[in-house]
Number of protein chains: 2
Amino acid sequence: MAHQTVGHAVRPGLPDDPSAAVTEPDPACPVEITLAVLRGRWTTLVVRELLRGECTFTELREALPALSDKVLSDRLAQLTQAGVLIRHRRPGWPPRTRYQLTPKGRGLGPVLQALWDWGAEHHPPSPERP
Amino acid sequence: MAHQTVGHAVRPGLPDDPSAAVTEPDPACPVEITLAVLRGRWTTLVVRELLRGECTFTELREALPALSDKVLSDRLAQLTQAGVLIRHRRPGWPPRTRYQLTPKGRGLGPVLQALWDWGAEHHPPSPERP
DNA sequence: CAGCATCCATTCAGATACTG
DNA sequence: CAGTATCTGAATGGATGCTG
């Protein structure tokens, strides 16, 4: 996206940013960064579960039964890589791993709230309405 | 996603929802709804352009030169379908069509702002930060 | 000018099967 | 328990070419 400098007046979603004239998707754009973290099916649900408290792999699987191991694994890696959550491994057998949001991850709360708010306000019960 | 009942005081589609049990992605979830609107490469950039003011097809192409006709066309259809923008066609030749955000579309401003804020706060200059 | 139709390369997610 | 490896079908999105 690379949103930036929408000028100054409006909120368009972009504060006054030094860089201007970004005319194509840019991974360094804050908006892109955030969307990249949330991208992918199941991602926000996984985050939601973790916002309730730390979980193990199995607990997440139980909370989201239709989510395959592979995708869950992918999501956890993606979120870990993004610094949104941390993995606590405990040695020994059987293995136990706890997943926990970092402060950065908890910071996604307001973001999800904003997404929720818009969706809730503009799509009450009926689908599309002019 | 299917984040539930934020109720009133609680966080996002986060935990604490009585009607829990939403255990898989649900198109009716407000969070899903919003992400569906913003989904796809170039989408937020197109919205950003329109937040600056109404545009014609060509103006958008010029503002985003690397965006192909097909994808621009797709995005405009997607956003129009979502009720986020309207198309004003002017009869005659040559054709002229103006695209303008609806109030609903302008409501995306705060959403983009939230996305921007998180990205800007958590990814200052360096890529990954603990 | 504004745009749709086609073709193709890439990405993604679900299913299945197998380890540390 | 907590994952990874592999495969496949579906969904992108970019390039190119044509029309109302």
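This structure is a prediction, so every number in the text was calculated from the model and none was measured. FYI, side chains are in, hydrogens and waters are out, and symmetry mates aren't considered; it's all heavy atoms of this structure. To find a chain, count down the sequence lines: A is the first, B the second, and so on, and within it residues start at 1.
Between L76(A) atom CG and dA2(D) atom C1' there is a gap of 10 Å when expressed in whole angstrom units. When the P atom of dA2(D) is taken as reference, atom CG of D74(A) falls 17 Å away, rounded to whole Å. In this structure, R89(B) atom CZ and dG3(C) atom C1' are separated by 9 Å, rounded to whole Å. dG20(D) atom P lies 17 Å from atom CZ of F57(B), rounded to whole Å. Going from atom CZ of R41(B) over to atom P of dC12(C) covers 12 Å, rounded to whole Å. Nucleotide dA13(C) holds its P atom 10 Å from the CZ atom of R39(B), rounded to whole Å. The nearest whole Å value for the distance from the CZ atom in R96(A) to the P atom in dG20(C) is 21 Å. One interatomic measurement links the two molecules: CZ of R87(A) to C1' of dG20(C), which rounds to 13 Å at whole-angstrom precision.
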Can R75(B) and L85(B) be said to form a side-chain contact (heavy atoms from CB on, under 4.5 Å), step by step?
CA-CA 11 Å; R75(B) 293 297 170 263; L85(B) 63 82; over 6 Å; no

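For the residue pair V37(B) and Q78(B), the shortest heavy atom distance occurs at O-NE2, 3.0 Å. Shortest non-hydrogen contact noted between T23(B) and P65(A) is CB-CD, 3.7 Å. Contact between K104(B) and W118(A) at its shortest, heavy atoms only, is O-NE1, 3.1 Å.
When the side-chain nitrogen and oxygen atoms of R75(A) are compared with OP1 and OP2 of dA13(C), one or more of them lie within a distance under 4.0 Å. Listed pair W42(A) / dG14(C) meets the phosphate criterion, a side-chain N or O lying under 4.0 Å from OP1 or OP2. OP1 and OP2 of dC1(D) both lie 4.0 Å or more from every side-chain N or O belonging to T56(A). The side chain of Y99(A) contributes no N or O atom lying less than 4.0 Å from OP1 or OP2 of dC1(D).
Comparing dG20(D), dG3(D), dG20(C) against the side chain of P95(A) picks out dG20(C) as the nearest.
In this structure the side chain of L67(A) reaches within 4.5 angstrom of the side chain of V46(A), judged on heavy atoms.
Shown for residues 58-73 of chain B: residues whose heavy atoms fall under 4.0 angstrom of DNA chain D, namely K70(B), V71(B).
Applying the salt bridge (Lys or Arg N to Asp or Glu O under 4.0 Å) test between E54(A) and each of R87(A), R98(A), R106(A) identifies R98(A) as the sole match.
L45(A) and L72(A) fall within the same hydrophobic cluster, where Ile, Leu, Val, Met, Phe, Trp and Tyr residues are linked whenever their side-chain heavy atoms come under 4.5 Å apart, directly or through other members.
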